[in-house]
Amino acid sequence: MSDSASAPASLDFIREMIAADVSAQRNDGWVITRFPPEPNGCLHIGHAKSICLNFGLALENAPNARCHLRFDDTNPTKEEVEYVDSIKQDVKWLGFDWGDHLYYASDYFEKLYGFAVNLIKKGLAYVDDQTPEQMRANRGTLTAPGTASPYRERSVEENLDLFARMRAGEFKEGERVLRARIDMASPNMNMRDPAIYRILRAHHHRTGDSWCIYPMYDYAHPLSDALESITHSLCTLEFEHHRPLYEWLIANVDGLPGQPYQREFARLSLTYTVMSKRKLLRLVKDGLVSGWDDPRMPTISGIRRRGYTPAAIRNFCKTIGLTKYPSLTDLGLLEHTVREDLNQHAQRVYAVLRPVKVVLTNYPEDQIEQIELVNNPENEADGKRLVPLSRELYIDADDFMEVPSQGFHRLVPGGEVRLKYAFCIICQEVIKDAAGNITELRCTYDEATRHGAKPVGRPKVKGTIHWVSAAQAMDVEVRLYDKLFSVEQPDEAAGDDGDFTQFMNPHSLEIVTAKIEPSIDSAKPGAHYQFERVGYFFTDPVDSQPGRLVFNRTVQLKDGFVKAK
RNA sequence: UACCUCGUGGUGUAAUGGUAACACAGGAGAUUUUGAUUCUCUCAUUCAAGGUUCGAGUCCUUGCGAGGUAGCCA
């Protein structure tokens with residue numbers, strides 16, 4: 001994992017701050033970060049940015065550093081264990097390790113309760129009997145200050161009693177909340193006596209029914225950080241306004257083992273992608289994709305199934321940088337990082353996505369020869385393989401044009417093209433069915449143009465195409481994935497009330513039956529290949545069966561040839 | 001029309017008062033039995049206007065623009 005263990009050449013504003021803390025021996029030079037997902041959905045590429053940051057920081061600052069995985073499970077109405085498992089799997093897959101430091105905010109419920117009692121005793125928290133509607137009305141607006149709750153001046157004793165009875169289950173859901181007593185006139189809405197505990201009659205995936213009051217994120221998060229001696233609490237920009245509250249709690253709660261501070265960075269936005277959990281959930285629930293792990297989804301599980309590699313994603317996260325500017329990153333950059341990785345490591349294979357039969361009329365009927373192909377030109381150690389060639393072959397429909405466009409230098413009637421690593425062929429005749437569809441190309445091959453031969457005085461053949469031998473080729477299902485949306489910014493195009501699904505790309509999935517060289521028989525689910533001249537493909541780990549492989553297109557190869565109109 | 005944060009090529013980042021650098025995308029070319037890869041070259045005077053300074057992307061002022069914030073969600 002050398003790619004992400006090393007700090008970038010120049011430091012981003014967060015790393016700069018941390019480096020300064022370390023050299024000032026703040027926290028004895030320790031750096032303790034955390035990745036704190038709520039288990040209410042699957043992780044996506046945006047979370048990968050945070051994971052790479054937090055776990056990356058731990059690696060960069062070793063040995064006096066670590067990163068915790070903490071589930072922020074303070075809202076039992078939204079959380080499920082299946083998400084806990086999926087999140088752990090995703091973090092591991094990305095190549096990170098929390099060691100012994102797996103935590104749950106729910107593990108701190110008792111301590112958090114004690115801290116609330118502490119605040120009440122200090123006159124810094126009170127039980128409010130207002131309805132949610134009243135609270136909202138009294139909170140004021142962005143331009144007008146709020147007004148104090150009639151319950152704001154309750155005595156410590158009464159508050160203590162009421163809070164204990166909230167816990168004991170004496171009140172109905174929503175009947176009372178515990179509020180921090182700060183400043184109803186603050187220009188920061190989060191400081192206008194925020195609710196820190198609410199009554200929720202919900203079964204919690206870890207604590208079961210032992211609690212009926214649950215702490216709010218704003219309350220639980222800083223205190224959980226402190227309990228774990230987190231030094232740097234890093235989150236996204238929308239929590240900027242919560243920072244004063246974070247600091248208020250750290251300053252006012254007594255007996256905290258740590259003094260963390262929070263800093264914020266811009267979340268990741270990608271073109272042609274929606275990233276909000278709500279929208280991703282909608283795609284799943286409405287069956288617009290096959291699930292959270294649909295290869296078109298920006299989820300970690302989807303991207304993994306698409307065939308992206310952990311190294312590619314880590315490199316992507318390093319490349320996008322870390323700032324406070326809410327930028328929009330080109331999806332092409334993600335594609336670039338996976339091509340870069342797969343180009344080095346993927347084995348090459350010949351596959352014909354849209355087969356057209358080619359008959360070599362001057363090739364012996366019964367002959368089968370073995371052609372030696374290079375497994376990976378980027379790595380000689382990957383060796384070579386033998387692939388059969390015979391009289392009847394398949395080439396890709398894209399590699400033949402009856403009426404060639406300008407600049408096309410593959411196979412055309414009367415024209416010559418090279419079958420890669422074999423020999424050149426000339427198309428002598430185009431056979432069509434009654435409907436006018438091409439059924440067969442009758443060609444002749446030239447023995448003098450064998451691989452390695454240097455025929456003198458021949459014009460250089462410009463085109464080189466891949467091929468498979470018809471009789472030995474295997475049929476495989478290939479899923480050609482493309483971007484899920486056809487506009488750069490589906491969110492913006494839809495507006496606040498609009499339906500973003502109207503901008504889905506109707507061609508985001510095309511399924512074809514491809515002809516592929518027989519060496520693929522030994523392929524295992526979860527393997528990366530480059531189909532030469534086509535793209536990178538991944539054997540689908542869910543739907544592939546022995547002898548019946550399914551390939552997902554990870555990304556196309558760059559194509560320098562743009563068909564003339 | 002409150003408060004907070006942010007404005008550097010098409011995009012994402014760097015430059016920590018001293019030659020605006022890197023990556024992606026685009027363009028041009030070389031190499032290539034993958035129109036891939038690889039390699040060259042090319043593409044911005046930093047939102048605007050003032051100010052401080054020998055010197056400003058960086059500091060100050062004002063303006064403009066963008067994002068965020070009024071859950072008993074996180």
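Per chain, numbering begins at 1; letters A, B, ... match sequence-line order.
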*Asks:* For Phe531(A) together with Tyr536(A), are the ring centres under 6.0 Å from each other?
*Replies:*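 Judged by ring-centre distance (under 6.0 Å), Tyr536(A) and Phe531(A) do not meet the cut-off.
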*Asks:* Do His451(A) and rU33(B) have a side chain to base donor-acceptor pair shorter than 3.5 Å?
*Replies:*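 It does, because a donor-acceptor pair links the side chain of His451(A) to the base of rU33(B) below 3.5 Å.
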*Asks:* Would you classify His241(A) as touching base, sugar-phosphate or nothing, given that sugar-phosphate means primed atoms plus P, OP1 and OP2, and contacts are heavy atoms under 4.0 Å?
*Replies:*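 Result for His241(A) = base.
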*Asks:* Can rG71(B) be described as syn, meaning its chi torsion is within 90° of 0, or is it anti?
*Replies:*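 Syn, angle within 90° of zero.
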*Asks:* Measuring to OP1 and OP2 of rU34(B), would you say a side-chain N or O of Arg410(A) lies under 4.0 angstrom away?
*Replies:*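 No, no such contact exists.
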*Asks:* I want to check one thing: is the phosphate of rG71(B), taken as OP1 and OP2, less than 4.0 Å away from some side-chain N or O of Arg198(A)?
*Replies:*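 Checking rG71(B) against Arg198(A), no side-chain N or O comes under 4.0 Å of OP1 or OP2.
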*Asks:* Identify which nucleotide among rA14(B), rG67(B), rG35(B) has an atom closest to any side-chain atom of Ser10(A), counting heavy atoms from C-beta outward.
*Replies:*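 Between rA14(B), rG67(B), rG35(B), the one nearest the side chain of Ser10(A) would be rA14(B).
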*Asks:* So Met135(A), base contact, sugar-phosphate only, or nothing? Heavy-atom distance under 4.0 Å.
*Replies:*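 It contacts base atoms.
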*Asks:* Start with the C-alpha gap between Ile213(A) and Phe109(A), add the side-chain angles, then the distance that decides, and say whether side chain to side chain contact (heavy atoms under 4.5 Å, CB included) holds.
*Replies:* CA-CA 9 Å; Ile213(A) 57 170; Phe109(A) 280 173; over 6 Å; no
*Asks:* Which base, if any, makes a Watson-Crick or G-U wobble pair with rG65(B), both distances under 3.5 Å?
*Replies:*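 Base-paired to rC6(B).
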*Asks:* Regarding rU34(B), can its base be found pairing with the side chain of Gln530(A) as donor and acceptor, where the two atoms are less than 3.5 Å apart?
*Replies:*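 A donor-acceptor contact between them is present.
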*Asks:* Within the pair Lys558(A) and rU37(B), is there a side-chain N or O less than 4.0 Å away from OP1 or OP2?
*Replies:*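 Indeed, a polar side-chain atom of Lys558(A) lies that close.
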*Asks:* Over 60° means perpendicular and under 30° means parallel, so tell me whether Phe35(A) and His47(A) are parallel, tilted or perpendicular.
*Replies:*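 Phe35(A) and His47(A): perpendicular rings.
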*Asks:* Reckon Thr74(A) has a side-chain N or O less than 4.0 Å from the OP1 or OP2 of rA74(B)?
*Replies:*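 True: Thr74(A) side-chain N/O within range (under 4.0 Å) of rA74(B) OP1/OP2.
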*Asks:* Under 4.0 Å between a side-chain N/O of Thr271(A) and OP1 or OP2 of rU11(B), yes or no?
*Replies:*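 No, no such contact exists.
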*Asks:* Under 4.0 Å between a side-chain N or O of Arg139(A) and OP1 or OP2 of rG71(B)?
*Replies:*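 So the side chain of Arg139(A) is within the cut-off, an N or O lying under 4.0 Å from OP1 or OP2 of rG71(B).
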*Asks:* Does rC72(B) pair with anything, Watson-Crick or G-U wobble, both distances under 3.5 Å, and if so, with which nucleotide?
*Replies:*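 For rC72(B), the partner nucleotide comes out as none, under the 3.5 Å rule.
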*Asks:* Pairing check on rU37(B): which nucleotide meets the Watson-Crick or G-U wobble criteria with it, both distances under 3.5 Å?
*Replies:*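 Paired with no nucleotide.
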*Asks:* Looking at rC59(B), which nucleotide sits across from it as a Watson-Crick or G-U wobble partner, both distances under 3.5 angstrom, or is there none?
*Replies:*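 rG51(B) - that is the nucleotide pairing with rC59(B), both distances being under 3.5 Å.
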*Asks:* Give a yes or no on whether the ring-centroid distance for Tyr83(A) and Phe71(A) is below 6.0 angstrom.
*Replies:*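 No, the ring of Tyr83(A) stays outside the 6.0 Å limit from the ring of Phe71(A), centre to centre.
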*Asks:* Does a side-chain N or O of Lys460(A) approach OP1 or OP2 of rU33(B) to a distance below 4.0 Å, or not?
*Replies:*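 Indeed, a polar side-chain atom of Lys460(A) lies that close.
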*Asks:* When you measure only distances, ignoring hydrogens and angles, does the side chain of Arg339(A) come within 3.5 Å of the base of rU37(B) through a donor and an acceptor?
*Replies:*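 No such pair is found, so the answer is no.
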*Asks:* Name the nucleic acid region contacted by Ile320(A), choosing base, sugar-phosphate or nothing; use a 4.0 angstrom heavy-atom cut-off, strictly under.
*Replies:*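 The answer is sugar-phosphate, as Ile320(A) gets under 4.0 Å only of primed atoms, P, OP1 or OP2.
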*Asks:* Between Trp467(A) and Tyr350(A), what is the ring plane arrangement, given parallel below 30°, perpendicular above 60°, and tilted in between?
*Replies:*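 Correct class here is perpendicular.
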*Asks:* With distance as the sole criterion, do the side chain of Glu16(A) and the base of rU16(B) form a donor-acceptor contact below 3.5 Å?
*Replies:*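 Counting by modelled atom types and ignoring angles, a donor-acceptor contact under 3.5 Å is found here.
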*Asks:* Does rU16(B) pair with anything, Watson-Crick or G-U wobble, both distances under 3.5 Å, and if so, with which nucleotide?
*Replies:*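 Across any shown strand, rU16(B) pairs with none.
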